[in-house]
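Each remark here refers to the structure printed beneath this line.
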Amino acid sequence: MTTLSPEQIQARIERAREINASVDAGPVVAAVARLFDLEPAGEPDEFLFPALATTARERIFGGQVIAQAMVAAAHTVDADKQVHSLHAYFLRGGDETKPLHFRVHRDFDGRSFANRRVVVRQDSKVIFNLTASFQLPTPGLAHQVPMPDLLPPEECRDFLETIAADPNVSEDAFFHMARRRPFELRNHRPPASAKATQHYQWFRIAAPIGDDPLVHRGFLAFASDMGLLSSAMLPHGLNFMTPGLFSTSLDHAMWFHDDVRVDQWFVYVMDSDWTGGSRGINRGSIYRQDGTLIASAVQEGLLRLAPQG
């Protein structure tokens with residue numbers, strides 16, 4: 001199937017909304033929040049996250065392990081210091097049905113800054129590592145680039161409408177993608193024919209998560225891996241559902257600039273300025289709805305397109 005009629009798209013939208021509404025948002029958001037409840041591993045600065053009984057994923061979502069490693073690092077830093085940057089590498093695909101082991105290395109503790117390295121293992125093999133820096137909040141020079149002229153969330157396409165209109169989304173994938181997600185998502189993505197390099201997506205957590213700043217930053221780190229890699233696909237008219245396309249994140253960097261509240265709308269403005277060598281660079285700027293820049297991200301991803309037919 002290469003095209004869908006308006007009637008078929010509308011029918012898929014209605015079915016997607018039925019699937020989505022069949023599950024309450026509260027447990028879905030709570031399941032993500034539980035990802036940050038790391039257990040002590042019996043040794044100083046070591047933590048465990050238990051295996052899940054079942055999984056529908058081929059590998060662990062990158063945003064999960066980014067957020068978990070950041071939280072593990074934060075557990076070893078004075079509470080008055082906040083994470084302001086992280087840099088990570090994805091080395092092997094993880095398996096949700098196996099436990100994750102986090103080892104935090106205390107590389108530096110100063111009056112204003114602290115630095116941590118986190119090594120994540122599964123089956124005794126390193127699958128991911130992260131370096132994070134923490135800073136005591138300090139006043140100083142301040143400027144930011146203004147938020148671009150964007151459509152507000154209520155004028156952007158609902159995520160369910162996006163998947164319903166994509167003929168490459170198979171029935172199995174459609175059911176999985178239409179299920180309730182931890183975030184409300186509304187996106188603006190130019191058509192493939194435009195060969196554009198920029199798109200954006202509005203996020204808001206779908207159920208209350210309290211006021212802990214680290215939890216809000218954890219959810220933002222989790223969301224920072226949602227859709228960013230697709231920026232390098234956009235100029236080529238591709239997306240995650242394109243037949244023959246294999247994509248995965250290679251590394252991820254993120255900087256936190258201001259207070260984060262994921263229970264309020266924020267927008268992830270993403271673009272890509274280069275692809276080559278089966279890799280692509282993806283950049284993101286995250287703004288509050290009032291235009292305040294709260295975070296920046298850069299990611300390199302692997303993109304391999306197998307010939308079809």
Side-chain angles (χ1 to χ4, degrees), residues 4 6-30 32-33 63 144-166 169 174 176-194 196-211 215-217 219-231 234 239-241 257-271 282-297:
L4 293 169
E7 293 77 16
Q8 289 174 311
I9 292 173
Q10 185 58 40
R12 279 163 63 102
I13 289 173
E14 292 173 4
R15 188 153 59 93
R17 287 181 175 153
E18 289 178 2
I19 295 169
N20 189 266
S22 67
V23 176
D24 183 66
V28 176
V29 172
V32 177
Q144 69 158 79
V145 296
M147 184 170 75
D149 185 17
L150 309 174
L151 293 174
E154 58 271 14
E155 294 184 25
C156 291
R157 201 178 203 184
D158 183 275
F159 178 74
L160 299 178
E161 296 172 349
T162 300
I163 63 170
D166 189 342
V169 178
F174 182 83
H176 176 74
M177 295 174 71
R179 293 185 302 175
R180 180 76 72 173
R181 289 172 172 252
F183 287 95
E184 299 176 56
L185 301 173
R186 293 185 166 271
N187 65 73
H188 178 79
R189 188 177 178 91
S193 59
T197 61
Q198 185 183 91
H199 61 120
Y200 56 92
Q201 185 157 258
W202 289 93
F203 290 75
R204 183 171 64 183
I205 201 69
I209 58 170
D211 298 318
V215 172
H216 281 263
R217 291 192 180 215
F219 270 92
L220 188 66
F222 182 93
S224 71
D225 194 34
M226 296 176 67
L228 184 56
L229 180 52
S230 71
S231 307
L234 193 60
N239 61 44
F240 287 112
M241 303 309 298
H257 310 312
D258 209 323
D259 292 336
V260 173
R261 294 286 311 195
V262 296
D263 50 6
Q264 300 170 4
W265 282 114
F266 62 93
V267 64
Y268 202 176
V269 182
M270 297 168 272
D271 66 20
N282 310 276
R283 302 178 301 176
S285 299
I286 304 175
Y287 296 87
R288 286 201 295 257
Q289 197 166 10
D290 67 3
T292 302
L293 182 66
I294 57 173
S296 302

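Just so you know, these numbers come straight off a predicted model, no measurement behind them.
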Which residues pass the salt bridge (Lys or Arg N to Asp or Glu O under 4.0 Å) test with [X], not counting sequence neighbours?
{"X": "Asp149", "answer": "none"}
{"X": "Arg204", "answer": "Glu184"}
{"X": "Arg15", "answer": "Glu171"}
{"X": "Arg180", "answer": "none"}

Mind listing the closest non-hydrogen atom pair of [X] and [Y] along with its distance?
{"X": "Ala207", "Y": "Gly26", "value": "CB-CA, 3.8 Å"}
{"X": "Ala16", "Y": "Phe174", "value": "CB-CZ, 3.7 Å"}
{"X": "Pro182", "Y": "Phe222", "value": "CG-CE2, 4.3 Å"}
{"X": "Leu293", "Y": "Asp258", "value": "O-CB, 4.1 Å"}
{"X": "Leu220", "Y": "Ala295", "value": "CD2-CB, 4.0 Å"}
{"X": "Asp263", "Y": "Ile205", "value": "CA-CG2, 3.4 Å"}

Problem set entry | Pairing residues for Ser296 by the side-chain hydrogen bond (donor to acceptor under 3.5 Å, both in side chains) criterion, not counting sequence neighbours | His257

Problem set entry | For Asn282, all residues meeting side-chain hydrogen bond (donor to acceptor under 3.5 Å, both in side chains), sequence neighbours excluded | none

Problem set entry | Close side-chain approach of Val260 to Phe219, heavy-atom, < 4.5 Å | no

For the atom pair [atom1] ([X]) and [atom2] ([Y]), what is the distance rounded to the nearest 0.5 Å?
{"X": "Asp290", "Y": "Met147", "atom1": "CG", "atom2": "CE", "answer": "8.0 Å"}
{"X": "Leu185", "Y": "Arg157", "atom1": "CG", "atom2": "CZ", "answer": "14.0 Å"}
{"X": "Thr292", "Y": "Ile286", "atom1": "OG1", "atom2": "CD1", "answer": "13.5 Å"}
{"X": "Leu160", "Y": "Arg181", "atom1": "CG", "atom2": "CZ", "answer": "9.0 Å"}
{"X": "Arg189", "Y": "Asn239", "atom1": "CZ", "atom2": "CG", "answer": "6.0 Å"}
{"X": "Thr162", "Y": "Ile13", "atom1": "OG1", "atom2": "CD1", "answer": "9.0 Å"}

For [X], all residues meeting side-chain contact (heavy atoms from CB on, under 4.5 Å), sequence neighbours excluded:
{"X": "His188", "answer": "Leu151, Cys156, Tyr200"}
{"X": "Gln289", "answer": "Pro153, Trp202, Trp265"}
{"X": "Gln264", "answer": "Arg261"}

Ring pair (Phe, Tyr, Trp, His ring centres under 6.0 Å) with [X]: which residues, sequence neighbours excluded?
{"X": "Phe183", "result": "Phe203"}
{"X": "Tyr287", "result": "none"}
{"X": "His216", "result": "none"}

Problem set entry | Asp166 backbone acceptor or donor facing Arg12 side chain under 3.5 Å | yes

Problem set entry | Check: Pro152 main-chain N/O paired with Arg186 side-chain donor or acceptor under 3.5 Å | no

